[in-house]
Each structure stands twice: as structure tokens, then as C-alpha cells.
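In what follows, a single structure is set out as C-alpha cells and then discussed.
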Amino acid sequence: MTDVDSDVLLLDILPLSRGEVDAYGPSLPDLFGQFPKLLRLSVRNNGITNIPVGTATNLTRLHYLDLSGNNIRDFIDLHLEILDDIVSLQLSGNLLDNIDGNDLKPLRNLTTLGVSGNHISRIDASAFDGLVYLSFLNLQDNNLEELAPSIFDNIPRLNFLNLKHNEFREIPRGIQKLQLLGIVFLNQNFIRTVPVELVRIWNSSPAIEAIGLDKNPLLCNFALAPFVRWAKTPSGFSVLCQVPKLTTANATENSTGCPVCIAPETMNGRDISTLTIRELSSSQANMTVLADNATLTPPAGTDFGYALLITLDFPRAPTDFSPKRNASGPFALTTLENDTMAKLSEFMPSAIVHCGTFKCYFFSVKGVREWRTAAYYCQAIGLDLVEIGNATEQNEIFQFVRKTQAKLRRANQTALARAGWIGVHYDKAAKFFVAASTGKPVAYQNWGPDQPSNPEGEECVEMWDTGYWNDIRCVMPIPNNFICQSSLAFGLELRQKNIQNDRLTSRDTLVNGGQASSVY
């Protein structure tokens, strides 16, 4: 290359077909290091086997790296410890045969990992430890027979999991722990049944959207009854039998249908949604026949210890609640009312409060699962769910959250993994994100890499503990912290009132309904 433009941010090398001359392999040439501002690099089907240290050192700003269709055999050859800003890594169609515990450790901001079409037969139990932002994992077309139950413990945000066309004999047990899992493909394995505890979790999860299980040798007997019963409900049928088409780096496939029985012979080829519980019961001797509308009781000895079932917020926002206010001013309240302290104690016990340059901010230690509930709690006190107006305020809130989480850890209290709900949501009619209290388009936004990813399906917004914003479903299986805001006058009056009542200095602990809070 000559006349290199060093300001290039995106570089996509047109792929060659397998068998043609490997234009840039086997080592990724150092000429790519001549683009120090490069954020996205795609070099597919070029015979690449490694990234030399010198080349990697000049690519430290990369966020997106696609080396699909090359000849990479080991993660160590990519020097990911240097490329530690990567958020999306695509290595489909290479020659990888395992993922060791330290291979991905440097990629703390990784959100997307694609390693389909390799020869992976083993993934270390700690391979994904520390990848707390990983939301998309594609392991299709490998040689996996099992995964350690703990392998998903430290990737709580995983939303998409593709295990299609491997060699699993049973559904990996760790999947039960993925409370935000929306789409999982398990097609074309050797799975014979679906555990009742997994059916219970999927049935109650607001996150799950699609489960691909077709082309597995299902044994349709009484043990499969809970799964079949769910498949016959409208929600179960939608999730199991109307699975959308799967688009990967390598192909787009048609929609998949209902799972089909392989055995016993009398049910071979039957779609599970057409079965009755009576048929399943009669397929085994000495089984009590259940009515199709009977209540399911888990078998004795079933282990539900690791299954975290969803609990709704209490109290919840009223069904007619809207965070949009009619008041013309920027805040619900500018001065304390007689019952403000009682409401603060009720709705935000142990709140951490900080008065900054623009406003005062209230961090709720107690999390809620619903965005509307967070907005309702704020307004019940006389506050609003926080609305961030500019980069200076964003940084101020981010620093406040960091200090708060550190403070809670030192006190051996719990701060949730996420920073919290914020007062922004997607207006489907207007097709843009708006402030909760006004309904007006937000002028300032601070989206994380590849966000917002799905505003039509993920209408609410949270701020990660990195400060970045993320669009997400409005009802979550696990709680989020949340942050309320008030005017400076309101927050400072609150501080002064507590100094008078409790004879505390302005930076001392604030007693809030008998529970300790802080103001600083």
C-alpha cells in the first residue's frame, strides 16, 4: 500500500475464496499497523495464521476484529493481551480446537464472540470468566459434547447462544443460570429430553424469545410431558415452533419448526405440539395417566437449588402509571414536603445521595426488576429517574456510581453488577429515544459499543458500570439499581434538614428511616 491515510477508522479486505492465493497470510502484515486510529478490521479468507506482536502493537484501538475463514489454530497467536479494547471478535471458520482458561481473559469489554465452524471439542470451565459484557456467543458447527455447569456463571448478560450442530447428548446444565438469555439454538445435536426444571425457567422467563431444538432425537415419553405441555400453550408454541431464521457470519437459514419425536416408533416424526399428555403417559408401562390440564408437580428429588425463579417488584408501579409529567418545570419537586423523608425511607431505603454541579442524585441500593417501577419509585418521592443532559453530567454521575459501588463493597454491602436504570426509553411511535419525564427526544446519548442494538424489542435504557448506556428489556429477571435526580435546592434542603434533625455534618451518615444512608 502507498499513500496511506492514517485517519482510516474502518478497513474491510474483500475475502478470497478458499484455495485461491492467500493475499495477506500467513502473518497479518505490519502494513495494517499504519492505521493507528483503526477501530474495525476485517481480513477474511486470506490464509492468516497469526498476528505478530509488532502489528498488534499498532492496532491497540481496535474494537472490531474479523478474521473468519483463515487458518488460526490458537488464540495465543493473536496477542489479544495487546488488543484488549476489542468488543467484537469473529473467528468463525478457522482451525481452533479448544478455548483455554486464559485465552480470552484480556478482553474485558468483549460483547460478541463468534467461533463457529472450527474444531472446538473443549472449552475450559473458566474460559469466559471476567467477560461480564458478553451478550452474543456463537459456537455452532464444532465438536462439543459437554460444557461445565459453571461455564456461564460469570457472563450474566448473555442474550444469544448458538450451540447448533455439535455433539451434545443433553442440554448443558449451565444454561439454566442465564437469566437474560433470549435466543438459544440447540438444533442438530443428540439431545433426547428436556429437564423439567429447565422448562419451568423458560416458561416463567420474560427474556426468552426463541429456542431451537429441531433435528434432535427426542424420546417422547412421560418424562417429556412438561416440555410438551408448554409447547401446546401460545407462548410455548411461539418460542419453540416459530423460531426466526438464523443469520450467522457464514449463512442465513430458514426458520425452524417444532421439535419432532424420533422414538418411540409409534410417535416417530410427530411434531411435539400435536401430542397429548395421555399419549406420552401410555408410552410407558405403570405410569399414571395425566389430564392435559393437570397441574405439573416436579418429581421427588428434583434439584431446583440453582434455578433462580423470577419475583416481581413489590410494590409495583400502578398499571396506569406514566413517568411523563404535566408539570412545566424540570423537576417534580423543588422543595421538601412534610412526608418526603417517610417516602424516601419507603421507596429508597439506604439511598446514597450526591449533590453535584447540576442536580442531586439518589442511588438506590435496593434494585428493581422493572424500569417503570424505578420511575414510579422516584416520582413517588418527588424525584425523577435520572436524565443526563451532557458529557460533563455523564462523567459526574459515572464517578458518583463508581465511588458508591466501592463504598458498598468496603462495607460488605451489595451493589448490583449493573449501574442502574436511567430516565430514557424508546418511543416506538416517534422512532427515537426520549426523556422519561418529558417525552422529548434526548439531546445527549452515551451508548456502549454496538448499542442501541434492538430498540424495537429493548425499549428501556440502563447505564452500565462502565458509564456506557445499553438498551434493554423493560422487565428483567434480575434487579437493576436505579438513580433518581432532584434539583440542587431540593437535595441541599434535604441535607440541611438532616443536619438539623440528627446533628450531623454534611458529609456524615444520614439516618433514613432507621437505615443508614450517605450524603456527600
Side-chain angles (χ1 to χ4, degrees), residues 63-64 84-89 104 106-113 128-137 152-160 178-182 207 352 354 361-371 374-375 385-409 414-426 433 435-436 442 444-455 457-485:
H63 285 177
Y64 179 99
D84 57 0
D85 274 349
I86 288 176
V87 297
S88 177
L89 180 61
L104 300 169
L107 306 183
R108 295 293 178 173
N109 296 316
L110 193 68
T111 64
T112 301
L113 177 63
F128 304 134
D129 286 4
L131 306 184
V132 295
Y133 301 112
L134 189 66
S135 61
F136 183 102
L137 178 58
F152 299 116
D153 284 1
N154 295 305
I155 46 174
R157 291 182 171 91
L158 195 67
N159 175 258
F160 178 99
L178 294 171
Q179 297 185 53
L180 300 185
L181 189 64
I352 310 286
H354 168 68
Y361 307 103
F362 297 68
F363 181 95
S364 179
V365 176
K366 177 186 176 183
V368 296
R369 292 169 172 81
E370 301 175 65
W371 181 88
L385 201 55
V386 69
E387 297 169 4
I388 303 170
N390 52 54
T392 302
E393 185 179 11
Q394 168 68 46
N395 184 61
E396 189 169 71
I397 294 172
F398 172 55
Q399 296 302 329
F400 165 48
V401 169
R402 288 185 63 185
K403 291 177 182 177
T404 297
Q405 291 177 325
K407 180 185 181 74
L408 292 172
R409 284 192 293 269
T414 301
L416 302 178
R418 302 170 181 275
W421 297 115
I422 62 174
V424 179
H425 71 93
Y426 186 71
F433 284 90
V442 289
Y444 173 78
Q445 302 176 38
N446 191 45
W447 298 109
D450 300 321
Q451 302 299 330
S453 58
N454 180 25
E458 299 176 339
E459 301 170 47
C460 293
V461 180
E462 64 178 358
M463 187 177 77
W464 286 341
D465 44 14
T466 60
Y468 285 127
W469 298 6
N470 173 50
D471 60 323
I472 199 163
R473 294 176 181 83
C474 297
V475 180
M476 301 285 288
I478 57 177
N480 259 357
N481 296 118
F482 61 97
I483 306 167
C484 302
Q485 67 180 21

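Note that this is a predicted model, so its numbers are computed, not measured.
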Inset, instruction - Please round to the nearest 0.5 Å and tell me the distance separating atom CD1 of I155 and atom CG of L181. - result: 9.5 Å

Legend entry - Side-chain donor/acceptor of W371 to backbone N/O of R473, under 3.5 Å: no

Legend entry - Set of residues satisfying side-chain contact (heavy atoms from CB on, under 4.5 Å) with respect to D471, sequence neighbours excluded: F433, W447, Q451, P452, S453, N454, P455, E458

Inset, instruction - For N390, check side-chain contact (heavy atoms from CB on, under 4.5 Å) against everything at least two apart and list the hits. - result: F358, T392, E393

Inset, instruction - Report the distance from atom CD1 of I422 to atom SG of C484, rounding to the nearest 0.5 Å. - result: 12.5 Å

Legend entry - Heavy-atom pair with the smallest gap, counting every atom of Q445 and W469: CA-CZ3, 3.5 Å

Inset, instruction - To the nearest 0.5 angstrom, please state how far the CG atom of D153 sits from the CG atom of L178. - result: 9.0 Å

Inset, instruction - Could you tell me the separation between the CG atom of L134 and the CG atom of L89, rounded to the nearest 0.5 Å? - result: 10.5 Å

Legend entry - Rounded distance [0.5 Å steps], OG1 in T111 versus OH in Y468: 11.5 Å

Legend entry - Closest heavy-atom pair and its distance - E462, I472: OE2-CD1, 3.5 Å

Legend entry - Test ring-ring contact (aromatic ring centres under 6.0 Å, His included) applied to F398 - qualifying residues, sequence neighbours left out: none

Inset, instruction - State, with a plain yes or no, whether a side-chain heavy atom of I86 is found less than 4.5 Å away from one of L110. - result: yes

Inset, instruction - Please tell me if the side chains of Y64 and T112 come closer than 4.5 Å, counting only heavy atoms from C-beta onward. - result: no

Inset, instruction - May I ask you to test the I397-Q485 pair for a side-chain heavy-atom distance under 4.5 Å? - result: no

Inset, instruction - Spell out, as yes or no, whether a donor-acceptor pair under 3.5 Å connects the side chain of Q394 to the backbone of I388. - result: no

Legend entry - Closest contact, heavy atoms only, F482 versus K366: CE2-O, 3.6 Å

Inset, instruction - Working to the nearest 0.5 Å, report the span between CG of N109 and OG1 of T466. - result: 7.0 Å

Legend entry - side-chain contact (heavy atoms from CB on, under 4.5 Å) partners for V132, two or more places apart: R157

Inset, instruction - State, with a plain yes or no, whether a side-chain heavy atom of F136 is found less than 4.5 Å away from one of S88. - result: no

Inset, instruction - Output yes when a side-chain donor or acceptor of N159 lies under 3.5 Å from a complementary backbone atom of L180, and no otherwise. - result: yes

Inset, instruction - Could you list the residues that satisfy ring-ring contact (aromatic ring centres under 6.0 Å, His included) with Y133, not counting sequence neighbours? - result: W464

Inset, instruction - State, yes or no, whether a side-chain contact exists between L104 and F128 at a heavy-atom distance under 4.5 Å. - result: yes

Legend entry - Within-4.5 Å side-chain heavy-atom neighbours: S364 and F362: no

Legend entry - Sub-4.5 Å side-chain heavy-atom contact between W421 and I483: no

Inset, instruction - Determine the minimum heavy-atom distance between G423 and E387, stating which atoms define it. - result: O-CG, 3.4 Å

Legend entry - Residue list, side-chain hydrogen bond (donor to acceptor under 3.5 Å, both in side chains) with D84, at least two apart or on another chain: none

